[in-house]
Amino acid sequence: MSTATPQKFEFQAEIKQLLDIVIHSLYTEKEIFVRELVSNASDALEKLRHTQLTEKEIHDDKLALEINLTTDDKAKTLTIQDYGIGMTRDELVENLGTIAHSGSKAFLKALGEGDQKNANLIGQFGVGFYSAFMVAKSVKVYSHSWKTGEPGHVWSSDGSGSYEIEETEGLSRGSKIVIELKDDCAEYATDGRIKEILERYSAFVSFPVNLNGKHINTVQALWLRSKNEIKDEEYNEFYKFQAHAYEDPSLRLHFSADAPLAINALLFVPQENTEKMGMSRLEPSVSLYCRKVLIDAAPKDLLPEWLRFLKGVVDSEDLPLNISRETMQDKALIEKLNKVITKRFLKFLDEEATSRPESFTKFYADFGIFLKEGAALDFTHKDQLVKLLRFESSLTDKTKSTSLADYVTRMGADQKEIYYLVGGNRTVIESGPYLEAFKARNLEVLFCYEPVDEYVMNNVREFDGKKLIAADHGDVKLTDLPKAEGALSEADTKTLTTWLKESLGERVAEVKASDRLVDSPALAINADKFMSAHMRRMMKAMNKDGADVPQRVNLEINPRAAVMKRLFETHTAAPEKAKLVAEQILDNALISAGMLEDATPMVARLYKLLESV
Ligand code: ADP
Ligand code: MG
């Protein structure tokens with residue numbers, strides 16, 4: 001049926017409700033209507049492209065697949081034209097007069113569930129076509145379907161409850177939307193303002209977008225092209241544009257997947273970790289697209305927190321175009337995307353580590369801290385992450401590192417645990433008292449230099465079924481070494497440790513003979529179950545509560561050491577002097593362990609000892 005005179009229609013009740021909210025909201029980001037209309041135009045072109053594959057007769061078949069915007073600041077109008085699929089009369093009624101379509105329906109549903117006047121939702125949902133009424137006095141849609149036999153029509157409305165449709169001659173294929181702007185929205189009739197909006201939201205629309213005759217979206221949707229067609233420079237240019245970066249990226253992963261979700265992703269690792277350089281915490285910034293249309297430039301849950309250093313684009317055809325930022329959080333779809341992309345990126349890093357170790361080492365030096373964060377906190381990806389961790393060890397050269405997997409291959413048949421030591425640097429750990437016992441037994445110890453390492457190791461707990469154990473932990477049990485010649489007898493050692501405990505009193509929790517000591521005469525071990533020595537040092541440095549609690553220390557002595565043999569003789573012969581020596585031995589052990597908190601009493605004591613020489 002066609003009519004030559006305009007026909008008036010009432011909007012469906014839900015549309016009236018929607019329009020009422022859209023028109024009366026004071027929503028500040030009104031500019032999103034441009035994104036919505038351009039994305040509709042892009043959809044219409046995409047549909048036409050598909051139709052062309054199967055249909056032979058298409059109205060205006062030669063017209064280019066492009067989107068043209070024109071501004072007229074005198075008349076205060078903005079026009080958005082596409083040569084897409086267009087709409088027949090019935091389609092105009094169905095699509096622009098009822099709530100049959102996705103985005104607006106979801107919007108109304110969300111409104112129904114929450115705050116009636118939450119205008120924020122407009123920005124999140126876009127509300128599609130109707131968002132034009134935020135800025136429009138009136139909207140005219142000239143549309144001609146791709147179907148050859150159909151006449152063209154103009155649909156018009158001021159958004160107040162009804163619309164008109166009138167048949168019109170001479171339209172080319174597609175839709176032309178003419179927006180007559182409200183007086184306070186005249187900015188959207190200026191070239192500069194629309195250009196700025198288009199650059200923000202529509203840079204990667206895959207069809208040419210022209211504004212007043214000038215091509216705007218020169219950046220192509222690179223991620224949808226095939227990998228082997230893309231030059232490095234193109235990737236780099238895109239990265240710089242997208243991440244607002246000045247340098248080339250240090251790593252890049254371009255992949256696509258079909259199952260379980262259709263994904264095209266292009267991810268970049270920047271050159272520098274600005275967080276490590278002391279700048280503010282990074283915000284997630286991998287953008288989410290659906291068929292080249294930007295859904296959200298910085299979605300929070302697309303990737304796990306610890307991947308916040310990544311830049312780039314994820315495009316999934318499976319997303320509804322009008323998905324909202326708010327509902328994204330509980331969207332199973334986003335969770336699925338998150339899992340697929342994270343797993344793939346971790347696999348990429350693993351491949352990088354095996355096939356290009358130097359590149360991985362460089363990456364690890366800058367961004368390893370994020371992997372540690374993930375290993376400690378992200379249970380879902382922990383196993384993959386722990387494999388990527390690297391440490392120097394008592395068996396590696398300085399600056400060379402090992403993975404836990406390599407450590408395990410070097411473990412002896414009866415070694416059950418993985419040992420590590422936390423300390424400021426290699427020298428501190430190597431000159432400390434704990435390492436020698438492990439060295440003497442050929443046990444490899446991982447060296448951890450970063451303050452977070454202790455926390456990470458505690459959370460990771462085990463690898464490949466083997467517990468991660470701090471080598472300075474009181475509970476470490478080591479096998480006996482062959483008895484050395486000339487050591488104190490067991491009975492004498494017992495006498496000496498009992499005497500030491502008595503004479504050191506509250507300063508030590510326990511004194512015993514050590515199975516860890518090879519050369520050093522004594523060793524101090526933190527005996528506080530709740531606070532490691534390292535944690536205690538950090539708390540002291542930060543002036544935190546808890547550092548005032550008296551420290552609990554076990555003293556372990558080496559019955560083979562000359563000092564101990566001498567002390568055994570002196571403790572009965574010259575008890576006064578022996579007591580001073582005992583105190584000094586404890587202080588020495590505390591110094592080696594980095595646990596001596598007050599050195600003042602030591603100075604006076606040393607003078608006393610020197611007097612007696
Ligand atoms: P959505 O895009 O989520 O479907 P919109 O409110 O943006 O919701 O658009 C409603 C419907 O109107 C679309 O689904 C489409 O069928 C139709 N439509 C809107 N703009 C155009 C256009 N430029 N060309 C053809 N059809 C369009
Ligand atoms: Mg839309």
Side-chain angles (χ1 to χ4, degrees), residues 9 11-12 14-19 21-23 32-52 58-60 63 65-70 78-110 121-134 136 139-147 150 152-157 159 163 165 171-179 201-202 205 207 209 289-295 317-324 327:
F9 297 83
F11 280 114
Q12 198 188 11
E14 285 95 329
I15 299 284
K16 280 188 190 164
Q17 186 194 350
L18 183 69
L19 280 168
I21 295 163
V22 167
I23 291 169
I32 55 120
F33 82 93
V34 179
R35 172 188 79 188
E36 293 302 317
L37 297 184
V38 169
S39 95
N40 282 351
S42 167
D43 287 349
L45 289 166
E46 192 68 53
K47 285 177 197 159
L48 184 81
R49 185 146 69 182
H50 275 103
T51 310
Q52 280 175 326
I58 290 195
H59 183 64
D60 282 343
L63 280 179
L65 299 189
E66 60 182 27
I67 302 167
N68 293 303
L69 291 92
T70 39
L78 170 67
T79 304
I80 298 170
Q81 178 185 39
D82 66 72
Y83 297 132
I85 198 164
M87 284 176 273
T88 62
R89 189 174 183 283
D90 289 347
E91 284 165 348
L92 281 169
V93 175
E94 169 73 16
N95 296 338
L96 305 185
T98 65
I99 194 90
H101 49 281
S102 55
S104 309
K105 213 175 189 172
F107 171 76
L108 276 184
K109 189 161 167 281
L121 286 173
I122 295 176
Q124 289 161 2
F125 280 87
V127 233
F129 172 75
Y130 305 101
S131 60
F133 288 98
M134 288 193 288
V139 175
K140 286 192 161 61
V141 180
Y142 298 86
S143 200
H144 194 298
S145 166
W146 64 274
K147 293 173 186 158
E150 292 283 333
H153 296 92
V154 55
W155 177 104
S156 56
S157 176
Y163 59 94
I165 297 181
L171 295 185
S172 48
R173 186 195 64 223
S175 306
K176 181 172 83 176
I177 297 163
V178 182
I179 297 169
Y201 295 117
S202 310
V205 171
F207 302 99
V209 177
Y289 282 77
C290 169
R291 298 165 195 268
K292 296 155 229 153
V293 177
L294 182 64
I295 305 286
E317 289 181 15
D318 293 332
L319 287 171
L321 191 60
N322 281 350
I323 185 169
S324 87
T327 52

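For ligands, and for the atoms within them, numbers begin at 1 and follow the listed sequence.
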* Structure fact -> Contacts of Gln52 meeting side chain to side chain donor-acceptor pair (under 3.5 Å) (sequence neighbours excluded), chain-then-number -> Asp61

* To do: Tell me which part of Leu37 gets within contact of ligand 1: side chain, backbone, both or neither, using heavy atoms under 4.0 Å.
  => neither

* Asked: Looking at Leu96, which atoms of ligand 1 are within less than 4.0 Å of one of its heavy atoms?
  -> 12 (O)

* Asked: Any N or O of Phe129 that comes nearer than 3.5 Å to an N or O of ligand 1?
  -> yes

* Asked: Which option, Ile15, Asp82, Asn40, owns the non-hydrogen atom nearest atom 23 (N) of ligand 1?
  -> Asp82

* Please report the shortest heavy-atom distance between Ile179 and Ala136, naming the atom on each side. => CG2-CB, 3.5 Å

* Would you indicate which of Val141, Leu92, Asn95 comes nearest to atom 17 (C) of ligand 1 when only heavy atoms are counted? => Asn95

* To do: Could you see which bit of Met87 sits under 4.0 Å from ligand 1, with heavy atoms only: side chain, backbone, both or neither?
  => side chain

* Asked: In Å, rounded to the nearest 0.5 Å, how long is the span from OG of Ser145 to CG of Leu92?
  -> 9.5 Å

* Main-chain N/O of Val38 paired to Ser42 side chain as donor or acceptor, under 3.5 Å -> no

* ring pair (Phe, Tyr, Trp, His ring centres under 6.0 Å) involving Tyr142 - partner list, sequence neighbours excluded -> none

* Asked: Is the closest N or O pair between Asp43 and ligand 1 shorter than 3.5 Å?
  -> no

* If you measure from CG on Asp82 to NZ on Lys176, what distance do you get to the nearest 0.5 Å? -> 11.5 Å

* Is there an N/O/S atom in Asn40 at a distance below 2.8 Å from the Mg ion (ligand 2)? -> yes

* Short N or O distance, Glu36 and ligand 1, threshold 3.5 Å exclusive -> no

* Structure fact -> In short, Leu78 meets Leu69 closest at the heavy-atom pair CD1-CD2, 4.4 Å

* Asked: Can you list the atoms of ligand 1 that are under 4.0 Å from a heavy atom of Gly128?
  -> 5 (P), 6 (O), 7 (O)

